Amino acid sequence: MKIIGINCSPKKSRNTYRALESAIRGINEKEPKIETEIIELAGKEINGCIDCGFCKKNFGCSQKDDFVEIMEKLKSEDLSGIIIASPVYLGSMTSQCKALIDRMVVLRRNGFILKNIIGGALATGGSRNGGQELTIQAIHASMLIQDMIIVSDGCDTAHFGGTVWSRAGNGDFDDEAGYNICQNLGKRIAETCMLVNKNK
């Protein structure tokens, strides 16, 4: 059983990565036997979908960029959960995140490979109310189209997912409440993965 976190920030190992790390920490605390991995899109070449129709007839993509490697991980039989994390750019996800999500259509068109995979989302913003929930809802919408099972951060916070204010306090990484919510998201995803896969 494996859960993959995808950091869709164009900046490597910054605020969104740390928020995603908190979610992964929550997974590891809840269910240590679940394997976890973080994929960072920073520095990778992932082009937007060009609607060429290749993936309607083939399991693959006509564009040979870094998405191909990610696609192989996402179609793994061991995959049980996905967390997509994005900073807020102009009220929504980054262009890297949108490109990734659009390219994931190959998984839908070839047998709904992500069906019943547990999905969660988190977003970091430059202000407390900086579009985090809108970004999360946009990510959730793409997960619904893949027929995934979406979870919130669970009790006792139970919001849309992980939300972090990246300029809280005196430094970039001081939003303790936000990181706790991200950690709760990880715990809830782990818990739901175990429930869904208990008979496997």
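Residue numbers start at 1 and run along the sequence shown. Below, each value reflects all heavy atoms present in this structure, side chains not excepted, and no hydrogens, waters or symmetry copies. Note that this is a predicted model, so its numbers are computed, not measured.
Residue I83 holds its CD1 atom at 5.0 Å from CG of L185, rounded to the nearest 0.5 Å. Atom-to-atom distance recorded for S76:OG and E35:CD is 8.5 Å, nearest 0.5 angstrom. For the atom pair CD (E77) and CD1 (I113), the distance works out to 10.0 Å, reported to the nearest 0.5 Å.
Two residues are said to be in side-chain contact when any heavy atoms from C-beta on lie closer than 4.5 Å; S80 and I118 fail this criterion. Within the 4.5 Å cutoff, side-chain heavy atoms of S9 are placed close to those of P87. L74 has its side chain within reach of I82: a pair of non-hydrogen atoms, C-beta onward, lies under 4.5 Å apart.
Counting only residues at least two apart or on different chains, the side chain to side chain donor-acceptor pair (under 3.5 Å) pairs with a member in residues 110-122 are K115-D147. Here side chain to side chain donor-acceptor pair (under 3.5 Å) pairs that include residues 130-145, with residues two or more places apart or in two chains, number zero.
The two residues N15 and Y179 come nearest to each other via the heavy atoms O-OH, 3.9 Å.
Ion pairing between E191 and R188 holds under the 4.0 Å rule for side-chain N and carboxylate O.
Not counting sequence neighbours, the partners of K73 by the salt bridge (Lys or Arg N to Asp or Glu O under 4.0 Å) test are E37. S152 pairs by the side chain to side chain contact (heavy atoms under 4.5 Å, CB included) definition with A158, not counting sequence neighbours. With sequence neighbours excluded, the residues satisfying salt bridge (Lys or Arg N to Asp or Glu O under 4.0 Å) with D65 are R103. The side chain to side chain contact (heavy atoms under 4.5 Å, CB included) test applied to A99 returns I46, not counting sequence neighbours. Every residue two or more places apart in sequence or in another chain that forms a salt bridge (Lys or Arg N to Asp or Glu O under 4.0 Å) with E72 is listed here: K75. Taking the side chain to side chain contact (heavy atoms under 4.5 Å, CB included) definition, one finds that E31 meets it with K33, I34, A190, M194, sequence neighbours left out. With sequence neighbours excluded, the residues that form a side chain to side chain contact (heavy atoms under 4.5 Å, CB included) with R25 are S22, E29, Q183. For K30, there are no salt bridge (Lys or Arg N to Asp or Glu O under 4.0 Å) partners at least two apart in sequence or on another chain. Partners of D102 according to the side-chain hydrogen bond (donor to acceptor under 3.5 Å, both in side chains) rule, which considers only residues two or more places apart in sequence or in another chain, are K98.
Within the hydrophobic cluster formed by Ile, Leu, Val, Met, Phe, Trp and Tyr side chains joined at under 4.5 Å, directly or through other members, L90 stands alone, with no partner residue.
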